[in-house]
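Below: the structure, in structure tokens.
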Amino acid sequence: MTKGTFLITGASDGIGAVYADRLARRGHDLILVARRADKLAALAQKLEAETGVTIETLSADLSTPDGLASVEARLRSDAAITGLVNNAGIAGETSLVDTDAAYLTGMINLNILAVTRLTAAIAPRLTATGSGTIINMTSVTALMPDGFTAVYPASKAFVLAFTEALQVELGSKGVRVQAVLPGITRTAIWEEEQLAHIPAEMVMEVNDMVDAAFAGLDQGEAITIPSLPDIADLDAYLAARAALRPNLSRDRAAARYTA
Ligand SMILES: NC(=O)C1=CN([C@@H]2O[C@H](COP(=O)(O)OP(=O)(O)OC[C@H]3O[C@@H](n4cnc5c(N)ncnc54)[C@H](OP(=O)(O)O)[C@@H]3O)[C@@H](O)[C@H]2O)C=CC1
Ligand SMILES: CC(=O)[C@H](N)C(=O)O
């Protein structure tokens, strides 16, 4: 019996390529999406030979309307696709005042719009069958928006909030949605020179990161932070946030604003 097909965005390199490897070894057929057709084809050929699964490649620039529409159409119509890894993303902005507006637009299109629209494209089919898996690649910067640049962490905070909301909406209909929050991971998103200036104990190897994310998925986690030693720390953070909830919407302003 088929294990279902996963579509992976950003599969030509880095984290997405390792997802392709691990999902193929788990017996899933794959559709690999990225811009560089040659890299996708080489990976597909290698993994097909090593694992025997069927792998298709789709070259698309997900930051453009046409590229996004082509992948959306496939997700809507192909009943064999039961899993989506929303992994493609870019970083690399400088300070807001120095970054080109077109670069920021491209980042928002890829990191936010594509994740939203691809998820919206597959969700109706998955909820109709009451099954399926969506894995959204966010980042630890979603939890520390003051620790990096302005737009990239905000884009990843969007993906985290989006995922948590979907866990309620789609989870109740039988669809798994996992948020993965990597810390600094050795991939081409970083210049070698940048990584050389970061303490080695802060940089995870990409295979280790993805294997931990799969362990989190297998353990049923909704939010996986591969480097976090004690899950109680995440639970405490989520509990502190939940404790605000009863007072976040009331019929009167707080006393400190009405003196
Ligand atoms: N590495 C890290 O430290 C961390 C990474 N992340 C996140 O992990 C995800 C993967 O990053 P990582 O593997 O490190 O980065 P890489 O740069 O190694 O890989 C990025 C992938 O996205 C694809 N991609 C980039 N732009 C587009 C586009 N416009 N359309 C389609 N595909 C595109 C690239 O392929 P191609 O160029 O062929 O299009 C490539 O396959 C990102 O969302 C990133 O934000 C999160 C936290 C930490
Ligand atoms: C990939 C990045 O640039 C970022 N530091 C992150 O950890 O997400």
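The shown structure was predicted, so the numbers you read here are calculated from the model rather than taken from an experiment.
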Which pair of non-hydrogen atoms, one from L118 and one from T9, has the smallest distance, and what is that distance? CD1-CG2, 3.7 Å
What pairs meet the side chain to side chain donor-acceptor pair (under 3.5 Å) rule with one or both residues in residues 192-203, with sequence neighbours excluded? none
Side chain to side chain donor-acceptor pair (under 3.5 Å) partners of residues 243-259, not counting sequence neighbours, each pair once: N247-R250
Give the cluster check for Y103 versus L62: same hydrophobic cluster or not, with ILVMFWY residues linked at side-chain heavy-atom distances below 4.5 Å. yes
Report yes or no: do T187 and T185 form a side-chain donor-acceptor pair below 3.5 Å? no
Would you compute the distance between atom NZ of K156 and atom OG1 of T163 and round it to the nearest 0.5 angstrom? 10.0 Å
Just how far is it from atom CZ of R117 to atom CG of L75, taken to the nearest 0.5 Å? 11.5 Å
Any donor-acceptor N/O pair, E93 side chain to T149 backbone, under 3.5 Å: no
Does any N or O in the side chain of K3 come within less than 3.5 Å of the main-chain N or O of R26, such that one atom is a donor and the other an acceptor? yes
With a cutoff of under 4.5 Å between side-chain heavy atoms, which Ile, Leu, Val, Met, Phe, Trp and Tyr residues group with F6? I8, I15, V18, Y19, L23, L30, L32, L40, L43, L47, V53, I55, V85, I135, M137, V180, M204, V206, M209, V210, F214, L217
List in chain and number order the residues that pass salt bridge (charged side-chain N to carboxylate O under 4.0 Å, His left out) with D61, two or more places apart in sequence or in another chain; answer none if no residue qualifies. none
Listing request: all ring-ring contact (aromatic ring centres under 6.0 Å, His included) pairs with a residue in residues 122-145, at least two apart in sequence or in separate chains. none
Scan for ring-ring contact (aromatic ring centres under 6.0 Å, His included) pairs involving residues 139-174, sequence neighbours excluded, and state none if there are none. F148-Y152, F158-F162
